[in-house]
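What follows is one structure encoded as structure tokens, with my remarks underneath.
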Amino acid sequence: MLMSHSQQMANSRKPPGLRLLGGAGSLTTYQTLVLVLTFLAYTCFHMTRKIPSIVKSALDPQTKVGFSHWGRLHASRNALTTGWLPFNTADGSALLGEIDVAFLAAYSAGMFFAGHIGDRMDLRVFLTVGMAGTAVFTTLFGAGYWLNVHSFYYFLVIQMVSGLFQSVGWPSVVAVVGNWFGKSKRGLIMGIWNAHTSVGNIAGSLLAAFLLKFGWGWSFAVPSLIMALVGLMVYVFLPVSPEAMEIDSDGGELNCEKDAVKEPLLEPGQEVKHSAVGFLEAWRIPGVAPFALCLFFSKLVAYTFLYWLPFYISHTRIGGEYLSDATAGSLSTIFDVGGVLGGVLAGHISDRLNARAITAASFTYCAIPALFLYRTYGSMSMAWNVSLMFVTGMFVNGPYALITTAVSADLGTHSSLNGNSRALATVTAIIDGTGSVGAAIGPLVTGYVSSRSWSAVFTMLMAAALLAGLLLSKLVCAELQGKTHSSVSKDAGGEHGAYSDEV
């Protein structure tokens, strides 16, 4: 039986694995598949992203002498005789910081282009390309170990190209998940789903730390192979939208002959505009700019921990003793465990309060005393270190997770777009891309400052957390006003957060 052109187009968008299996699955089945595959995909992105922080101490084993409770880490310039050139020199920390900022600069620049492209092509293919490229260039970084490469520029260029491929991941997975889930429980669902960030960090830390004993190159090669295999699964099985699978938001079959289709994230009766939203138009969506700038400072804090926490732990006396590089890498996963809880709590609380900005700002303010306490008392004993690291991870990663998931998805389907949902990847890229600029600056500054004073690093992080909260002040006030009006009128029919319509 001959298929119509529209049916052929719809069928061509189905993943090859699902086409081979034949038959239409239920909405719940597809939603579950989407959550699992995108979770695994972004777990792999963060797994490979975490590796450099674990390998840092093997490349640049600074002398672990001298400790002040709120003072300076001293390093002997003549004692740096092990490690890997060019990073085992007196300015090794600064060079590693430059590698980090090169990666994150390329990542943040690529993010803006990735979102623009992602709204205009098949996200399944786009995500697969990003995963494959990341796997290849992560492997090439590790290949420097076996090829005996000691050129700083080799590692610099490899990380920059890797950053470009990594930038594909986040806009793609958020857009796919946003296509399949409505707003009512988006904060909680995405809060749980966003655990992939911390799970990836934990997996990358444990795997890289374990493989260090075989040579630091293996810490890059093995996770890259895992990512390539998951990328293949994504290409074969990931359904990008209900429309592509010819079902509607209620799980029924979709009529492919219709010129207009209902988007699952929109209110009943709204029709999709088939043109993607422009970059500048997306910036003008109410709430995008404040949340993007807030994420700038939130990611500055989060990524400083991502790239430097294992290094900090291994160069700080805990209970009077220094930990090995592998042990420090494993211990740093406690921060990410706290981050899992923080992301879930932030999503759930924002759903219950119907207030994204209030929740995000509250978490950032709570991160300030948590950072102070971890720096001041984290060295007293292992128990204190673990407990305070967990709490710090919860408050640092909570707003970061909320803004990059539920907030981005909310704003990508904002009412000002008049039913056009084709802004998800672009808005997500703008918010996370702006945040990634901060993520690049934090590790870079830390690379220079940490060799003189870790206290100054923590002061910088506390100031960044304060600014992140202050940037949401207007949105917080708008949400509070909305709550006041709502309690008076008893009208509970608004969208998530006052920024949705009022700001």
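We number each residue from 1, following the sequence as shown.
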State whether the side chain of [X] and the backbone N or O of [Y] hold a donor-acceptor pair below 3.5 Å, judged by distance alone.
{"X": "Ser436", "Y": "Ser108", "value": "no"}
{"X": "Asn385", "Y": "Ser381", "value": "no"}
{"X": "Ser450", "Y": "Thr446", "value": "yes"}
{"X": "Arg124", "Y": "Val240", "value": "no"}

Ignoring hydrogens, what is the shortest heavy-atom contact between [X] and [Y]? Give both atom names and the distance.
{"X": "Asp91", "Y": "Thr89", "value": "OD1-OG1, 2.7 Å"}
{"X": "Ala465", "Y": "Val301", "value": "N-CG2, 4.2 Å"}
{"X": "Ala114", "Y": "Pro171", "value": "CB-CG, 4.4 Å"}
{"X": "Leu238", "Y": "Val34", "value": "CD1-CA, 4.3 Å"}

Under 3.5 Å, is there a donor-acceptor pair linking the side chains of [X] and [Y]?
{"X": "Ser241", "Y": "Trp180", "value": "no"}
{"X": "Thr327", "Y": "Ser324", "value": "yes"}
{"X": "Asp432", "Y": "Tyr107", "value": "yes"}
{"X": "Ser350", "Y": "Arg356", "value": "yes"}
{"X": "Tyr154", "Y": "Gln159", "value": "no"}

**Report entry** With Asp336 via salt bridge (charged side-chain N to carboxylate O under 4.0 Å, His left out) - residues at least two apart
**Finding:**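 Salt bridge (charged side-chain N to carboxylate O under 4.0 Å, His left out) check on Asp336 returns nothing, list empty.
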
Query raised in the report: Which residue, Trp216, Phe152, Phe155, forms the ring pair (Phe, Tyr, Trp, His ring centres under 6.0 Å) with Trp84?
Result: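 Checked Trp216, Phe152, Phe155 against Trp84; only one passes ring pair (Phe, Tyr, Trp, His ring centres under 6.0 Å): Trp216.
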
Close side-chain approach of [X] to [Y], heavy-atom, < 4.5 Å:
{"X": "Ser298", "Y": "Leu295", "answer": "yes"}
{"X": "Tyr307", "Y": "Leu104", "answer": "yes"}
{"X": "Leu402", "Y": "Met190", "answer": "no"}
{"X": "Leu123", "Y": "Met121", "answer": "no"}
{"X": "Phe395", "Y": "Thr364", "answer": "no"}
{"X": "Cys294", "Y": "Lys299", "answer": "no"}
{"X": "Val101", "Y": "Ile441", "answer": "no"}
{"X": "Leu345", "Y": "Phe363", "answer": "yes"}

Report task. Report, as yes or no, whether the 6.0 Å neighbourhood of atom OH on Tyr365 holds more than 12 heavy atoms from other residues, nucleotides or ligands. Result ->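 Counting other residues, nucleotides and ligands, OH of Tyr365 exceeds 12 neighbours.
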
Query raised in the report: Does atom CE of Met460 have more than 12 heavy-atom neighbours, drawn from other residues, nucleotides or ligands, at distances under 6.0 Å?
Result: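 Atom CE in Met460 is crowded, with more than 12 foreign heavy atoms closer than 6.0 Å.
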
Separation between [atom1] of [X] and [atom2] of [Y], rounded to the nearest 0.5 Å:
{"X": "Thr134", "Y": "Leu164", "atom1": "OG1", "atom2": "CG", "result": "9.5 Å"}
{"X": "Leu293", "Y": "Leu467", "atom1": "CG", "atom2": "CG", "result": "11.0 Å"}
{"X": "Ile189", "Y": "His348", "atom1": "CD1", "atom2": "NE2", "result": "12.5 Å"}
{"X": "Ile313", "Y": "Met389", "atom1": "CD1", "atom2": "CE", "result": "3.5 Å"}
{"X": "Leu156", "Y": "Phe141", "atom1": "CG", "atom2": "CZ", "result": "9.5 Å"}
{"X": "Thr304", "Y": "Leu300", "atom1": "OG1", "atom2": "CG", "result": "5.0 Å"}

Query raised in the report: So Tyr374 and Phe305, would you call those rings parallel, tilted or perpendicular, with 30° and 60° as cut-offs?
Result: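 Tilted.
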
Requested in this report: Applying ring-ring contact (aromatic ring centres under 6.0 Å, His included), run through Tyr312 and Phe458 and close with a yes or a no.
Outcome: CA-CA 11 Å; Tyr312 170 73; Phe458 276 82; 5.3 Å; yes

Query raised in the report: Taking the six-membered ring for Trp, is the centroid-to-centroid distance between Phe335 and Phe390 below 6.0 Å?
Result: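 So the answer is no for these two rings.
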
Under 3.5 Å, side-chain donor or acceptor atoms of residues 220-234 against the rest of the protein: list the pairs with distances, not counting sequence neighbours.
from	atom 1	to	atom 2	distance (Å)
Ser224	OG	Ala135	O	3.4
Ser224	OG	Thr139	N	3.4
Ser224	OG	Thr139	OG1	3.3
Ser224	OG	Phe220	O	2.7

Query - Reference residue Ser198; test side chain to side chain contact (heavy atoms under 4.5 Å, CB included); the match among Val337, Thr333, Val340 - result: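 Filter result, single survivor: Val340.
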
Please tabulate, for side-chain N and O atoms in residues 44-55, each donor-acceptor pair with protein atoms closer than 3.5 Å (sequence neighbours left out).
from	atom 1	to	atom 2	distance (Å)
His46	ND1	Asn201	OD1	2.9
His46	NE2	Arg49	NH1	3.4
Thr48	OG1	Cys44	O	3.2
Thr48	OG1	Phe45	O	2.9
Thr48	OG1	Gln166	NE2	3.0
Arg49	NE	Gln166	OE1	3.0
Arg49	NH1	Tyr303	OH	2.5
Arg49	NH2	Tyr42	OH	3.2
Arg49	NH2	Gln166	OE1	2.7
Lys50	NZ	Leu306	O	3.1
Ser53	OG	Lys50	O	2.7
Ser53	OG	Leu306	O	3.1

